[in-house]
Protein chains: 2
Amino acid sequence: MDKIERLLRQHHIRPTAIRLLMYKFLHEKNVAVTLNDIESGFDKSERTTLYRTIKTFEKNGLVHQIDDGTGVAKYALDEPENQKGNSQDLHLHFHCTSCNETVCLTDHKIPHISLPKGFVTQDMNLVLKGTCDKCNRK
Amino acid sequence: MDKIERLLRQHHIRPTAIRLLMYKFLHEKNVAVTLNDIESGFDKSERTTLYRTIKTFEKNGLVHQIDDGTGVAKYALDEPENQKGNSQDLHLHFHCTSCNETVCLTDHKIPHISLPKGFVTQDMNLVLKGTCDKCNRK
DNA sequence: AAAAACATGCAACTTAAGTGCATTATTTCC
DNA sequence: GGAAATAATGCACTTAAGTTGCATGTTTTT
Ligand SMILES: [Mn+2]
Ligand SMILES: [Mn+2]
Ligand SMILES: [Zn+2]
Ligand SMILES: [Zn+2]
């Protein structure tokens, strides 16, 4: 797959072995992952490197960090349509308190909120908590 | 002020010296405070005690914890009208990235969000980030 | 091929949060 | 009122996530 290689280069990320592996890892998941999740997913390689790798991805707009209220940062790949400069893709996130998984609901945008005079919004974070479809089926 | 004393008792919290002081401290502030803020506000008394005190307040519905994305928990007094059992007061919070203060916008409720089938919501957290009125006036 | 720039690995540090346990204060009950 | 029970406090210690410094290894540039 040098498709991924090209993708990384488009984001000005040099495609090293670990970076390719991490991209694949993130791509296979459909839920947001913690640094620990990533670490567990790799036999080899080291915490710090994985940390710096995910931060590189984040800085270059390949993943976004999610703060779901658990106190541990999670990360998920940006959707292709939001990768190119379309910076503010304010979709919401759902955190399941049963299975502890957090997912991007990319087509549920955060509604507009009117604020008191003087406040200027630059960013938003909306997290819904509850039980997810999988857990509710059990 | 045994007005405060009565208030604590109503919440099944025994009004010790530190608890009264902490309540007053929180009451004077109009912004959410971290445990460090509280610690700095007291000459005497100890981290752990303050920690357990704020947790007691939280458990008994006197304060709520706010996760504004800074990675540090903040706390603010519940508004009187929300204290009595009216548990789910889902107001939003504003975090100023300039002065790092976080405020409750108690009369800005989180709008209703429709979710994909199978998801059940129990709780929500909406944080807006930007610059606050005070910072924008400067 | 040498120099420069960048990536990786390992150790160490920082900060917030949380627990165990002994001591002290407050309630309860006789 | 005083002893026993219960709760609050203080201090030490632990955990976990995040982060940085620096030496070494690898890739890119010229
Ligand atoms: Mn997302
Ligand atoms: Mn609030
Ligand atoms: Zn679930
Ligand atoms: Zn401000």
Side-chain angles (χ1 to χ4, degrees), chain A residues 2 4-25 32-60 62-76 95 100 102, chain B residues 2 4-25 32-60 62-76 95 100 102:
Chain A
D2 64 352
I4 297 176
E5 211 173 306
R6 247 180 294 124
L7 182 62
L8 292 189
R9 283 197 202 283
Q10 279 167 21
H11 287 266
H12 310 102
I13 299 166
R14 305 215 291 222
T16 66
I18 288 174
R19 287 168 178 180
L20 290 168
L21 284 172
M22 189 181 293
Y23 184 90
K24 282 174 199 161
F25 181 80
V33 296
T34 66
L35 186 59
N36 273 339
D37 294 336
I38 297 173
E39 217 181 338
S40 311
F42 290 80
D43 292 339
K44 173 192 142 74
S45 197
E46 215 254 340
R47 202 182 168 62
T48 315
T49 303
L50 298 173
Y51 170 75
R52 285 199 260 234
T53 300
I54 197 82
K55 286 297 174 190
T56 299
F57 282 12
E58 187 187 4
K59 181 149 41 91
N60 294 46
L62 201 58
V63 307
H64 60 287
Q65 182 174 338
I66 300 159
D67 173 17
D68 66 5
T70 56
V72 187
K74 294 184 180 174
Y75 302 89
H95 173 241
N100 196 34
T102 296
Chain B
D2 66 350
I4 297 176
E5 211 172 306
R6 246 180 296 125
L7 183 61
L8 293 190
R9 283 197 201 282
Q10 276 167 21
H11 288 265
H12 309 104
I13 300 167
R14 305 218 290 223
T16 66
I18 288 174
R19 287 168 176 180
L20 290 168
L21 285 171
M22 189 181 292
Y23 186 91
K24 282 174 197 160
F25 180 81
V33 297
T34 65
L35 187 59
N36 273 337
D37 294 336
I38 296 172
E39 215 181 339
S40 312
F42 289 81
D43 293 339
K44 173 191 142 71
S45 197
E46 215 255 339
R47 204 181 171 61
T48 315
T49 303
L50 298 173
Y51 170 76
R52 286 199 259 233
T53 300
I54 197 81
K55 286 297 175 191
T56 299
F57 282 11
E58 188 188 5
K59 180 150 41 91
N60 296 42
L62 202 57
V63 307
H64 59 290
Q65 183 175 340
I66 300 158
D67 173 16
D68 65 5
T70 57
V72 187
K74 293 184 180 174
Y75 303 88
H95 173 240
N100 196 34
T102 296

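If you're wondering where the values come from, they're calculated on a predicted model, not measured in any experiment. Chain letters run A, B, ... following the sequence lines, proteins first, then strands; residues in each count from 1.
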For this session: Examine dA17(C): is either OP1 or OP2 under 4.0 Å from a nitrogen or oxygen in the side chain of Y51(B)? Give yes or no.
Result: no
For this session: Please assess I38(A) against Y51(A) for the test side chain to side chain contact (heavy atoms under 4.5 Å, CB included), listing each intermediate value before the final yes or no.
Result: CA-CA 9 Å; I38(A) 297 173; Y51(A) 170 75; over 6 Å; no
Problem set entry | Nearest heavy atoms of G69(A) and D67(B), plus distance in Å | CA-OD2, 3.1 Å
Problem set entry | Pairs touching residues 7-17 of chain A that satisfy salt bridge (Lys or Arg N to Asp or Glu O under 4.0 Å), sequence neighbours left out | E5(A)-R9(A)
Protein-nucleotides 5-7 of chain C N/O pairs closer than 3.5 Å?
| residue | atom | partner | partner atom | Å |
| --- | --- | --- | --- | --- |
| dC6(C) | O4' | R14(A) | NH2 | 3.3 |
| dC6(C) | O3' | R14(A) | NH2 | 3.3 |
| dA7(C) | OP1 | R19(A) | NH1 | 2.7 |
| dA7(C) | OP1 | R19(A) | NH2 | 3.0 |

Exercise. On DNA chain D, nearest-nucleotide positions of I18(B) versus L35(A): which is more 5'?
Worked result: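 By nearest-heavy-atom nucleotide position, the 5'-most residue is I18(B).
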Exercise. Short question: side chain of T49(A), backbone of S45(A) - any donor-acceptor pair under 3.5 Å?
Worked result: no
Problem set entry | Check: K59(A) and I13(A) side chains under 4.5 Å, non-hydrogen atoms |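 Side chain of I13(A) against side chain of K59(A), heavy atoms only: no contact under 4.5 Å found.
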Problem set entry | Most 5' of S45(A) and Q65(B) on DNA chain C, judged by nearest nucleotide |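 The 5'-side residue here is S45(A).
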For this session: Return yes if the base of dG10(D) and the side-chain atoms of R52(B) contain a donor-acceptor N/O pair under 3.5 Å, otherwise no.
Result: yes
Problem set entry | R47(A) side chain, from C-beta outward: closest of dC21(C), dG18(D), dG9(C) | dG18(D)
Problem set entry | Y23(B) OH to H11(B) NE2 distance, which is reported to the nearest 0.5 Å | 7.5 Å
For this session: Tell me whether the centres of the aromatic rings in F42(A) and F25(A) are closer together than 6.0 Å.
Result: yes
Problem set entry | Spacing of L8(A) atom CG relative to dT27(D) atom P, expressed in whole Å |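 After rounding, the gap between these two atoms is 15 Å.
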Exercise. Going by distance alone, is a donor N or O of one side chain under 3.5 Å from an acceptor N or O of the other, for K74(A) and T34(A)?
Worked result: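 Absent: no donor and acceptor within the cut-off.
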Taking only N/O atoms, report every protein-nucleotides 11-15 of chain C pair under 3.5 Å with atom names and distance.
| residue | atom | partner | partner atom | Å |
| --- | --- | --- | --- | --- |
| dA11(C) | N6 | T48(A) | OG1 | 3.4 |

